[in-house]
Structures are given as C-alpha cells and as structure tokens.
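Counting from 1, the numbers follow the sequence of the chain as shown. Numbering of ligands and ligand atoms starts at 1, following listing order.
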Amino acid sequence: MDIENRYMANVFSKKPVVLTRGQGSLVWDINGKEYIDSTSSYGVAALGHCHPKIVEAIKAQADQLITCHSCYYNDKRAEFIEKLVKITPKGLNKAFLSNSGAESIECAMKLARKATGKTEIIALMGSYHGKTMGALSATWDKKYRTPFLPLVPDIKHVPPDNADKIEEAITENTAAVLMEPIRGEGGIRVPPNGYLQKVREICNKSGVLLILDEVQTSFGRTGKLFGCQNWDITPDIMCLAKPFAGGLPVGITVAKENIMAAFKVGEHSTTFSGSPIVCATGCAAIDVLVEEKLADKAASDGKYFKNKLEDLATKHKIIKEIRGLGLMLGIELRYDVYGVIAKMLNKGILVIDAGRTVVRMLPPLIITRPQIDLIITALDTALGEEENERGSSPISN
Ligand SMILES: Cc1ncc(COP(=O)(O)O)c(C=O)c1O
C-alpha cells in the first residue's frame, strides 16, 4: 500500500485491501481473507477470475506470438474478429480494436464525424463514457469535466429518458446521438419502455447516427448478449470493452460496413490494436459466453438477485429504490453509500458505487445462487448497522 501510495498518481479512491489472488467469483487478500467479488473488477471479470479457459488461452498464445502490429495479418486476430461479428447485432460487422472503453468511444466519435461530415454529438445528462478528452467531453458529471475545460466542442447534453429532448437538440450539423442503453455510473438507470425505440426512429428520420456505449451493458450482463437487444434496436456504431478479452485490456468499436468505410488508411490506429494475446483470450471469452449461455444465466440469476434485493427494500427504510436488469443492479440509498461499501468489505464482499447514493452490483456472470445469498445476508447486516449509526436522518447529500 505504501509503495502504491508513494509512486502511483493519486487518482483512484483506494480501498484498504491488497488483493493477490482470484478464482471464479472469489478473490483473496494478502492475508488470505476471502471476498466475493460483486464488482467483477468494474465489470471486467464477467467470467470470474482466472477462468481455466482464459488461463489456457493466455498460456498457449504466450508461447506463439504476443504482439503483432495490425499492419501485419494474424491468425488469432482474424479468428477473434469473426467470432465477434457472428454475435454482434445484425449489420454491425466491421470492427476497430483498441485497448479500453474510452478508446472505443474516441473511435466512435471520430468515425461519426468522418462518416457524416458533421460535428455535433448529442449525449445524455447523467451519462458516463470515460475520461480521455473526447470521451470526457461526452461524460456528464461536472466533477470529472470542470478541471479540464475547455473540452472537445460541439457536444451537447440533453435530459435522459425523454426522446423529445433529443429531437429538439438535433440540428443540420448533428452527426450522432451517443448514449448508454442503461446508464451505469449514472446510477444504474434503466430507460422507460419505448424510449430507445423512439430514439432509434428519430435518428433514422433525421439521418443522425446512433452510437450505443455498451461498455458496461454487453457480454450478457443485462440478460441479452448486448443491452440494445432488450429493446430490439440496433445502433449504427457500438462501443464495447471491459470483459471481451477475459480480463486483458480491450476496446472494440463495431459499426455498419458503410459507416466504417468512411475511415481511410492512417486516419485511426493504435499500436496495440488487436494484439494476438488479447485476441486469443477474446476468442476463449466469447466461446465461454456462448457455450455456457451466460446471458440467459444473467437473466434468471438477475431476477433472483433483484427479488432478494426488493425483499431487503421492504425491511430497510434506508433503501430508496432497486433498479437494474440482469446482473447489472443498483440499490439506491437515502444516504451516501460509502459506509455500506466499507462495511461490506469488512464482511468479505466487494461492491462499488454508481454515483454517491447507489450501491452497484456487477457480479461475475458465473456467480452461484448460494454466493448471491451470502451477498444478500451481508448487505442485510450492513444496512442494519448503517441505519443504527445514522438513525432515520434523511439523505446527507
Ligand atoms: C459505459 C461506459 N463507457 C465507457 C467507460 C470507459 O471505459 P474505460 O474505463 O475502459 O476507459 C466505462 C467505464 O466504466 C463505462 O462504464
């Protein structure tokens, strides 16, 4: 801890624990204490930690070829990209590979400008798209944006969950609407029924591209392979990242072929794009996702988990609302969540926030029901303790 604190940029809100090992939904700290990881390391370890097929893929590819610039062809890259476009919604069949969620957004924003010849992007208030300059310009929270002004111009934010606001904001210079199907960091906000279909229609009608940021909502997390499939819509450009390479860094921007064709050689690139080791691991990750039907599992286990959370909400007044879809769940409290998160850590459960008042559950898709029960029991106790400490005083933010 001392060494990290001494030498690392102080930009993460650190928890007082040193994690050294993981297996499935469990991780252990340096003292051997066991935790259920209900964060999947911020959504990355959707297959759990050190899944045997991921470990095997990394080991095998490490012996073959680790890095290979995309100016050369590579067998594993071809295999990965083919597996990927076989599962992406119909029509999204050209991909650019990068290294993070924010990079997948950067690519989408550049592509939208290039493909339309227009500059404006409409994003939603409350959205989160990452912290590089382009992605940050589309991210809403002022605490992330204000210290770095001026940001990329021509990005405007409109209120969420109201398609009319998007329609009103569109001008003849609008290239794209960029949004998360379910706002994650913004508090696990599932849109009202019909909203996404209406946004799709508005974009079609006005010739504006729809970019969906599925960095958190894809890979089966919401009970469908991609979040947009819950509402039967397909974007023109989709951004993916987190779990797609089984824990190795990856970003993916997939688009319709005619849109991706707008990029000419040299207009976008990154040195690590589609490295063989990431692609080999990505192949294994997609195989496990499909073969083990993890999207269906997320749908049914998500219902089980959400029902149990709703039971807790009838018992604990400090819970304001339970939200989410599949295994992307949020528990909105009447106070800030930091006390509850610390108590859960002590009880051997890792959870994170989604904004100041929402506890976010993003467990591995392979989590078992007994493990869900253990999370619920710990949460029940943690909420009780928090209520005793804070009394019935209203929200403190
Ligand atoms: C919806 C969404 N978009 C983009 C990002 C940024 O991804 P990264 O942190 O890999 O840059 C995140 C990260 O949490 C995210 O949840």
Side-chain angles (χ1 to χ4, degrees), residues 9 11-13 37-46 96-112 121 123-141 143-145 148 151-152 155 157 160 176-191 196 210-222 226-228 230 235 237-254 270 272-273 278 281-282 285 323-330 350-355 358-363:
V11 291
F12 294 96
S13 161
D37 181 3
S38 195
T39 76
S40 303
S41 212
Y42 274 78
V44 173
F96 176 79
L97 301 177
S98 56
N99 312 286
S100 68
E103 269 186 85
S104 74
I105 300 287
E106 297 291 332
C107 173
M109 291 170 80
K110 281 178 70 178
L111 182 59
I121 291 179
L124 299 185
M125 294 171 178
S127 60
Y128 183 81
H129 299 291
K131 291 178 184 153
T132 53
M133 287 303 262
L136 181 62
S137 310
T139 287
W140 167 249
D141 199 324
K143 77 171 180 274
Y144 299 141
R145 299 161 53 83
F148 305 102
L151 297 172
V152 175
I155 298 175
H157 289 88
V177 171
L178 164 61
M179 58 190 288
E180 300 158 83
I182 298 173
R183 277 167 285 131
E185 163 99 12
I188 315 289
R189 309 264 172 187
V190 182
L196 278 156
L210 177 60
I211 307 171
L212 284 187
D213 176 349
E214 293 250 17
V215 165
Q216 206 171 136
T217 48
S218 55
F219 204 81
R221 167 76 46 204
T222 67
F226 299 91
C228 60
N230 289 292
I237 305 176
M238 185 166 68
C239 301
L240 309 171
K242 293 191 187 283
F244 267 89
L248 296 190
V250 70
I252 306 165
T253 311
V254 246
T270 165
F272 289 116
S273 176
V278 167
T281 318
R323 294 192 289 265
L325 208 52
L327 285 171
M328 180 175 183
L329 296 167
L350 305 184
V351 291
I352 47 175
D353 58 318
V358 179
V359 179
R360 173 166 31 170
M361 298 284 181
L362 291 177

Test side chain to side chain contact (heavy atoms under 4.5 Å, CB included) applied to Thr217 and Arg183, Glu180, Lys242, Met328, the passing residue: Met328
Ligand 1 to Gly130 polar contact by distance, N or O atoms, under 3.5 Å: no
Heavy-atom closest contact (Thr270 atom, Leu97 atom, distance): CG2-O, 3.9 Å
Please state which protein non-hydrogen atom is closest to [atom] and give its distance, to 0.1 Å?
| atom | value |
| --- | --- |
| atom 16 (O) of ligand 1 | Gln216 NE2, 2.8 Å |
| atom 11 (O) of ligand 1 | Ala102 N, 2.8 Å |
| atom 3 (N) of ligand 1 | Asp213 OD2, 2.6 Å |

Considering only heavy atoms, does [X] approach ligand 1 within less than 4.0 Å through its side chain, its backbone, both, or neither?
| X | value |
| --- | --- |
| Glu180 | side chain |
| Lys242 | side chain |
| Tyr128 | both |
| Ala241 | neither |

Plane angle bin for Phe244 and Phe226 - parallel if under 30°, tilted between 30 and 60°, otherwise perpendicular: parallel
Contact with ligand 1 for Ile105, non-hydrogen, under 4.0 angstrom: no
Verify atom 8 (P) of ligand 1: protein non-hydrogen atom under 4.0 angstrom away: yes
Could you check whether any side-chain N or O of [X] sits under 3.5 Å from a backbone N or O of [Y], counting only pairs where one atom can act as donor and the other as acceptor?
| X | Y | answer |
| --- | --- | --- |
| Ser40 | Leu362 | yes |
| Arg221 | Gly326 | no |
| Lys131 | Ala102 | no |

